[in-house]
Amino acid sequence: MKKVLVVGSLNMDFDVYMERRPQGGETVMAQSLKLVPGGKGANQAYALGKLGVDTSMIGAVGKDTFGQQMLDNLHSVQVDTAGIRTSENCETGKAFIEIEDSGQNSISVIAGANHDLDAAYIAERQDMFAAADAVVMQLEVPMSVVVAAAKQAKACGKLVVVDPAPACADFPEELFPLIDITKPNETELSILTGLPTDTEEQVLTAARTLTAKGVGAVMVTLGSKGTLLVTGEDVHKFPAYKVKAVDTTAAGDCFLAAFLSQFDGENYAEAIDFGARASAVAVTRCGAQSSIPTRAEIDAFHG
Ligand code: RIB
């Protein structure tokens, strides 16, 4: 994809590193706190920009220092931020992330300005949709915005990519036939479809319910078990790369952006492998946007 428009969230991440995450009612001692630019939309835009893709973003930040830091980080990789509005009423979104030594995390998000977007603003930005080859969305902005953006992108004949994260059970049915590519992990796929995804057979059955509803391609990321691609009748499995993870934050965002940076509409195998290598490098580093590798680093990584 030569030119990508990202419609999505921007959050300042508060990353707390600890040996293990506390159970309910338990207190644990943590090791450190880092503030890192994040948000699923901004992470994807940042990664696309860093990989040399002409990228623009629609979103919202607050009139505060975090908002400015988010914009500055996107500018550092040449992302066009003209579509990111500054909310008068809301603070920049924030995410509180607990990361344990295994690299696994738990995330709580305060939407803030991310929820100060509406369908009318999407309509005002029609020019940005017309200029893009692909439009990418996630679910940290209001669902009405995702639906309006998907409709606008489809009407302009663009590739419509929806990352269904954070997962929601009441995904609007009208959205499915608008989606060319979606990238759930097993948990998101289960929530989205209401079906179990504990075995590979169950994952396939659940993914097929999405293609039956009109989704073009379902790429299910299975962590260390790789990626399952379901398109119509075709099913392909792609391996993951084995690395020692220190922080899995934004691994999925990095995968999707790297995939899109290589994708020409048909070369799924090549683009998924590039995404898998990119996310393998990202999980060996701390933070969201701070973990995104360069193209040279991805090219040099072979597992
Ligand atoms: O996908 C990772 C992102 O999820 C974090 O950067 C955090 O902001 C949340 O949106």
Side-chain angles (χ1 to χ4, degrees), residues 6-17 21 33-50 57-62 64 66-67 69-74 77 79 84 90-100 103-117 136-143 145-146 161-168 182-189 191-192 219-221 223 245-260 275 278-293:
V6 178
V7 180
S9 59
L10 304 97
N11 299 326
M12 182 54 80
D13 289 354
F14 290 66
D15 294 342
V16 184
Y17 291 89
R21 290 168 286 174
L33 168 70
K34 289 193 177 90
L35 268 64
V36 179
K40 295 182 195 305
N43 295 343
Q44 292 172 13
Y46 178 88
L48 283 158
K50 193 160 180 178
M57 182 167 180
I58 289 176
V61 292
D64 47 41
F66 289 157
Q69 286 172 353
M70 299 297 304
L71 296 175
D72 290 347
N73 215 43
L74 292 174
V77 290
V79 173
I84 299 177
C90 305
E91 293 179 358
T92 297
K94 296 176 189 67
F96 299 90
I97 310 184
E98 293 175 328
I99 304 132
E100 60 185 30
Q104 289 307 314
N105 64 26
S106 307
I107 306 181
S108 316
V109 175
I110 296 178
N114 294 309
H115 276 195
D116 197 23
L117 281 176
V136 188
M137 291 145 273
Q138 323 74 30
L139 307 183
E140 285 184 333
V141 294
M143 192 58 92
V145 169
V146 177
V161 182
V162 175
D163 182 0
C168 73
T182 188
K183 179 212 69 68
N185 61 29
E186 302 117 298
T187 311
E188 290 157 356
L189 181 64
I191 296 170
L192 202 56
M219 290 192 300
V220 191
T221 49
V246 299
D247 184 349
T248 54
T249 309
D253 301 328
C254 181
F255 172 90
L256 186 58
F259 165 83
L260 284 172
S279 57
V281 177
V283 301
T284 64
R285 301 170 176 178
C286 291
Q289 288 166 38
S290 52
S291 70
I292 306 296

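One is the number of the first residue; the rest follow in order along the sequence. Counting starts at 1 for both ligands and their atoms, in listed order. These numbers come from the heavy atoms of this one structure, side chains and all, not from hydrogens, waters or symmetry mates.
With ligand atoms numbered from 1 in the order given, ligand 1 contributes 6 (O) to contacts under 4.0 Å with heavy atoms of Ala288. Atoms of ligand 1 lying under 4.0 Å from at least one heavy atom of Ala95, given by number and element, are 7 (C), 8 (O). Residue Asp13 has at least one heavy-atom neighbour below 4.0 Å for each of these atoms of ligand 1: 5 (C), 6 (O), 7 (C), 8 (O). The ligand atoms of ligand 1 that sit less than 4.0 angstrom from a heavy atom of Gly38 are 6 (O), 8 (O).
Contact between Ser9 and ligand 1 is absent, with no heavy atom of the residue lying under 4.0 Å from the ligand. At least one heavy atom of Gly39 sits under 4.0 Å from some atom of ligand 1.
Using modelled atom types, one finds a donor on one side chain and an acceptor on the other under 3.5 Å when comparing Asp64 with Thr92. Side-chain N/O atoms of Glu100 and Asn105 include no donor and acceptor closer than 3.5 Å.
One finds a salt bridge joining Lys183 and Asp163 here, because a Lys/Arg side-chain nitrogen approaches an Asp/Glu carboxylate oxygen to under 4.0 Å.
Of the options Asn43, Leu256, Val36, the smallest heavy-atom separation from atom 3 (C) of ligand 1 is shown by Asn43.
In this structure, Cys90 SG and Leu117 CG are separated by 9.5 Å, a value rounded to the nearest 0.5 Å.
Figure legend: cation-pi geometry between Lys94 and Phe66 absent, as NZ or CZ is not positioned both under 6.0 Å from the six-membered ring centre and within 45° of its axis.
At the shortest separation from atom 2 (C) of ligand 1 among protein heavy atoms lies Asp253 OD2, 3.4 Å. Among all protein heavy atoms, the one lying closest to atom 9 (C) of ligand 1 is Glu140 OE2, 3.4 Å.
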**Prompt:** Between Asp253 and Tyr46, does a side-chain hydrogen bond (donor to acceptor under 3.5 Å, both in side chains) hold up when you go through it step by step?
**Reply:** CA-CA 10 Å; Asp253 301 328; Tyr46 178 88; over 6 Å; no

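A donor-acceptor pair under 3.5 Å is formed between the side chain of Asn114 and the backbone N or O of Leu10.
Taking only nitrogen or oxygen atoms, main chain and side chain alike, Lys40 reaches within less than 3.5 Å of ligand 1.
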